[in-house]
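Any value given below was found using the heavy atoms of this structure, including those in side chains, with hydrogens, waters and symmetry copies removed.
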Amino acid sequence: MDFFAVIDTETNWENQVMSIGTVIADCGTFRPVDAAYHVLTPEYQVGGMYEGVLFPGAGLPPRLCTRGEAMEELLGWLGRYGVADMFAYNAAFDRNHLPELAGLCWYDIIRIAAYRQHNPKIPPTADCCATGRLRRSYGVQPMLRLLSGNRTYCETHNALLDAMGELEIMRLLARQPQSYIRL
């Protein structure tokens with residue numbers, strides 16, 4: 001495997017996917033090699049908690065399209081890179097909202113990041129369950145703050161920017177993609 005992908009979705013008030021951000025990364029360096037950002041119509045027109053950041057104005061402009069068009073493009077794009085492994089933070093949420101991508105192998109970043117036995121940055125004083133999982137503050141924003149030391153980092157809830165943040169969590173954890181647990 002040369003490349004893997006990280007995906008994030010944002011949903012509207014009706015729990016429908018309204019945007020999809022996807023980053024393809026190099027397995028050796030965890031650096032992004034390509035990215036795609038889709039805003040789905042008519043779903044985005046319903047509105048949602050994070051509708052204000054759908055069109056950030058800077059960076060990769062979104063492709064405004066139907067869900068069918070987005071899925072066809074994503075599957076073709078992932079195929080051109082030979083990507084079979086999809087990573088996400090709380091991956092079950094994204095996988096369940098994107099059944100068209102069920103043929104990929106899904107991995108959950110949170111299963112490494114939120115567990116003391118896998119994440120050496122979790123302090124010994126952190127409140128953890130018997131399983132080693134943090135009881136609280138293990139979302140993307142607090143995890144990136146913990147791993148990077150940047151206490152001012154704020155999650156944007158823009159699907160593409162959040163996918164980039166999730167890739168950064170993987171890079172900072174410094175664990176090979178094949179060490180993640182498949183859903």
Problem - Whether over 12 other heavy atoms sit under 6.0 Å from Gln117 CD - result: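 Enclosed: over 12 neighbouring heavy atoms sit under 6.0 Å from CD of Gln117.
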Practice task
Kindly indicate whether the side chain of His38, heavy atoms from C-beta on, has any atom under 4.5 Å from the side chain of Cys65.
Solution key: yes
Handout entry: Any Leu173 side-chain heavy atom under 4.5 Å of Tyr180 side chain
Key =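 Yes, at least one pair of side-chain atoms sits under 4.5 Å.
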Under the 3.5 angstrom rule, does the side chain of [X] hit a backbone N or O of [Y] as a donor-acceptor pair?
X	Y	value
Asp34	Ile24	no
Glu51	Met18	no
Gln141	Glu155	yes
Ser179	Arg175	no
Arg80	Gly76	yes
Asn12	Tyr44	no
Asn119	Ala113	yes
Glu69	Thr66	yes
Arg116	Ala126	yes

Exercise for the section: Decide yes or no on side-chain contact (heavy atoms from CB on, under 4.5 Å) for Arg111 and Leu183, but give the supporting numbers first. Expected result: CA-CA 10 Å; Arg111 290 187 178 186; Leu183 292 184; 3.2 Å; yes
Problem - Full working for side-chain hydrogen bond (donor to acceptor under 3.5 Å, both in side chains) between Asp94 and Tyr89 - result: CA-CA 9 Å; Asp94 296 298; Tyr89 209 85; over 6 Å; no
Practice task
Please test Asp26 against Phe3 for side-chain contact (heavy atoms from CB on, under 4.5 Å), starting from the C-alpha separation and ending with a verdict.
Solution key: CA-CA 5 Å; Asp26 179 274; Phe3 303 105; 4.3 Å; yes
Practice task
Kindly assign one of parallel, tilted or perpendicular to the pair Tyr107 and Phe87, based on the angle between their ring planes and the thresholds 30° and 60°.
Solution key: parallel
Exercise for the section: Please work out which of the three classes, parallel, tilted or perpendicular, describes the rings of Tyr81 and Trp77, given edges at 30° and 60°. Expected result: perpendicular
Exercise for the section: Indicate yes or no: does Asp127 engage Arg135 in a salt bridge with an N to O separation below 4.0 Å. Expected result: yes
Handout entry: SB check Glu43 Arg67 (cutoff 4.0 Å)
Key =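 Not counted as a salt bridge, because no side-chain N and carboxylate O are separated by less than 4.0 Å.
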Practice task
Take Leu101 and Met71 through the side-chain contact (heavy atoms from CB on, under 4.5 Å) test and state the conclusion after the steps.
Solution key: CA-CA 8 Å; Leu101 302 181; Met71 291 298 106; 4.2 Å; yes
Handout entry: Chi angles and distances behind the side-chain contact (heavy atoms from CB on, under 4.5 Å) call for Arg145, Thr152
Key = CA-CA 7 Å; Arg145 286 179 175 186; Thr152 63; 5.8 Å; no
Practice task
Report the distance from atom SG of Cys27 to atom CE of Met170, rounding to the nearest 0.5 Å.
Solution key: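 So the SG of Cys27 and the CE of Met170 are separated by 8.5 Å.
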Exercise for the section: Say whether Asp85 and Trp106, considering side chains only, have a donor N or O and an acceptor N or O under 3.5 Å apart. Expected result: no
